[in-house]
Amino acid sequence: MAEPKRRKIASECRKFQTRWKNEYFFIETKGKCVCLICNETVAVMKEYNVRRHYETKHQTFTSYTGAEREEKVKQMTASLLTQQQFFFRANKAQENATIASYEVAQLIALHGKSFSDGDFIKQCLTKVVGIMCPEKMQDFNNVSMSRNTVVRRIEDLSANLKQQVSDKACACDFYSIACDESTDATDTAQLLIFLRGVDDNFCITEELLDLRSLKGTTTGKDIFEAVSDAIDSIGLKWDKLCGLTTDGAPAMTGERKGMASMVCAKVRESGGEAVKMHCIIHQEALCAKSVQLGDVMNTVVKTVNIIRARGLYHREFQAFLSDVDAEYGDLLYHSDVRWLSRGSVLQRFYSLRSNIDTFLKEKGRPLHELSDPLWLADLAFLVDLTDHLNTLNKRLQGKEQLVSQLYAHMKAFRAKLRLFESQLRNFNVAHFPTLTEIKCAFPDALSAKMGEYVSVITSLITEFSRRFQDFSVIEKKITLFAAPFSMDAEEVEESLQLELIEMQCDDSLKNQHQLLSLPDFYRSLEKAKFPLMRRHAKRMMSLFGSTYICEQTFSLLTLNKSRLRTRMTDSHLCDVLRISTTKLTPDLPAILQTKAQHHCSH
């Protein structure tokens, strides 16, 4: 026998009747029928239950009639709302205190401060509030900024950001990754993995995918497993991975056991195709190191060390520069790992050469090279050449640069080198201002050295041609993306030829290409008419041309996990870096919804 269907109260669609307010002293609050007299609620919102409650418990209120009854209802209604508002304000105050602690924790992470600095911030705020608005003291005391609270807040913020990155990354049509590895203050190898994805609307997402700590060896296999786990944990598809950029270390780029080769093999197994690239800035820096001109750099570094290594010499030299009102107040140390250091040291040394000469002679340690026109010519040439190289390096730096922009800077510099070579052969130093000064002061010096300078430029051209092979392999694809209207249709892939011809014959698209940025131009293309050209553009836009974003984050890593903060855990370091590098905004309302209560320390 079938069981009878049970009544469902929700299906009866019962509603509160406004007349119950005066008749039975009931009002509706948050979907419930509440008695104004005793604040009890009835189980089911129907008149029988309301009337029974009123007649059995509040018969004495039948004496109120007419205007007196209406006034009594108003008083009781106001009283109930006041009580409810009191609890609402208390809950709102706790919620505000919780939000404030999240904001402070985010600032602590952004500025690389210690987690325990929250207590110091609270002490400062308490002093300020006590002087300016003492009536608000209790509200500020409710904001918890203890070390444990700050740690929990940072963990929550990082988890929310990671979820946002996961959602955005999984919505991307293509993505690439940039990887770089370095050691922290405790000699733990830290592997940074950044993601750059492009969605169907050509919006770029460039965020920290993960920070993986390698406790043992750092072979290509170890790095590959860390990268693979990071990609799988966030739910990304391997066939959408189209590029991998590294710093060029053997463990990263080895042909058989390198991490990049393993990743590309896994992408092929998944039905995709990925290109591995060596960071364009690292390659430019390696080309710059190939410039050698006698012992100029050794002499400069040795002289700087003589002056700066001794405290007394250094103080006296600074005082001397101040007395003669020199252009600069000190010399710079040379650091081989800093991209711009070499050019900066040479330029500062050249500007202060006469002051250095005078100071060293006073100390009885004259530098004879400063009186040699040939050596000064070498110095001037090296100053100008490194300045050109530093200018290129600066243009290659920066986040979210398209691979076409980076490669354009590189091609332009190679063209400049060929121009320099041609002009120097004709004793033209128009683009070498420092060398021009020496030419004016010592006209005969350049005639003996010009052949050597041409040789340096020639070897630099050879070095630039030898490197950047990974960019040369995809040069046609880059050109098709950046300048589709200048490409010959026969030089591109057959699948793209018809769409390219269609595009090149549309004059309105030519005008749009000239007026709009590349992302905006490809965004404006019709999806149905140019699906393959749009797909090609997404792949090119997703590529990392350099690992600059990794290098910049390593500076933040060093700031956060220094010799004074070696106890920071790897997970907390990852949380701080995620907050420090993101362009996303943490969703505080969503975070608060996950909390069972809004207690200020929870």
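Side-chain atoms are counted along with the backbone in the values below, which use heavy atoms only and exclude waters and symmetry mates.
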Indicate yes or no for a side-chain donor-acceptor contact from [X] to the backbone of [Y] under 3.5 Å, with no hydrogens or angles considered.
{"X": "S562", "Y": "T558", "answer": "no"}
{"X": "R212", "Y": "V227", "answer": "no"}
{"X": "R523", "Y": "N201", "answer": "yes"}
{"X": "H409", "Y": "L392", "answer": "no"}

side-chain hydrogen bond (donor to acceptor under 3.5 Å, both in side chains) between N393 and Q397, worked out: CA-CA 6 Å; N393 193 287; Q397 295 181 34; 2.7 Å; yes

Between [X] and [Y], is any side-chain donor less than 3.5 angstrom from a side-chain acceptor?
{"X": "N511", "Y": "S508", "result": "no"}
{"X": "Q190", "Y": "D570", "result": "yes"}
{"X": "D117", "Y": "S114", "result": "no"}
{"X": "T547", "Y": "D247", "result": "no"}
{"X": "S290", "Y": "E463", "result": "no"}
{"X": "Q164", "Y": "N160", "result": "yes"}

Do [X] and [Y] form a cation-pi contact, if we require the NZ or CZ to be under 6.0 Å from the six-membered ring centre and within 45 degrees of the ring's axis?
{"X": "R534", "Y": "Y522", "result": "no"}
{"X": "K399", "Y": "Y548", "result": "no"}
{"X": "R565", "Y": "F115", "result": "yes"}

Side-chain heavy atoms of H572 within contact of I154, under 4.5 Å: no

Non-hydrogen side-chain atoms of F471 and M277 separated by less than 4.5 Å: yes

D156 CG to Y102 OH distance, which is reported to the nearest 0.5 Å: 3.5 Å

Contact list for residues 214-233, test ring pair (Phe, Tyr, Trp, His ring centres under 6.0 Å), sequence neighbours left out: none

Ring pair (Phe, Tyr, Trp, His ring centres under 6.0 Å) partners of residues 493-521, not counting sequence neighbours, each pair once: F485-H513, H513-F521

Considering all heavy atoms, the nearest I591-L157 contact: CD1-CD2, 3.9 Å

Closest heavy-atom pair and its distance - L496, L480: CD1-CD2, 3.6 Å

Give every donor-acceptor pair under 3.5 Å between a side-chain atom in residues 573-590 and any protein atom, sequence neighbours left out.
unit_1 : atom_1 : unit_2 : atom_2 : d
D575   : OD1    : S158   : OG     : 2.8
R578   : NE     : S158   : OG     : 3.3
R578   : NH1    : L208   : O      : 3.2
S580   : OG     : A109   : O      : 3.0
S580   : OG     : V576   : O      : 2.8
T581   : OG1    : L577   : O      : 2.8
T582   : OG1    : E207   : OE1    : 2.9
T582   : OG1    : E207   : OE2    : 3.4
T582   : OG1    : L584   : N      : 2.9
D587   : OD1    : A590   : N      : 3.4

Please say whether more than 12 non-hydrogen atoms of neighbouring residues, nucleotides or ligands are located less than 6.0 Å from [atom1] in [X].
{"X": "L532", "atom1": "CG", "answer": "yes"}
{"X": "K394", "atom1": "NZ", "answer": "no"}
{"X": "Y333", "atom1": "OH", "answer": "yes"}

Derivation of the side-chain contact (heavy atoms from CB on, under 4.5 Å) call for I549 and R196: CA-CA 11 Å; I549 193 170; R196 180 187 178 104; over 6 Å; no

Within the 6.0 Å centroid threshold, strictly below: F413 and F464: yes

Residue pairs passing the side chain to side chain donor-acceptor pair (under 3.5 Å) test where at least one lies in residues 233-243, sequence neighbours excluded: D232-W238

Qualifying side chain to side chain donor-acceptor pair (under 3.5 Å) pairs with a residue from residues 266-276, counting only residues at least two apart or across chains: S228-K266, S261-K276

Show every donor-acceptor pair shorter than 3.5 Å between a side-chain atom in residues 486-495 and any protein atom, with sequence neighbours excluded, or say none if there are none.
unit_1 : atom_1 : unit_2 : atom_2 : d
S486   : OG     : A483   : O      : 2.9
D488   : OD1    : E490   : N      : 3.2

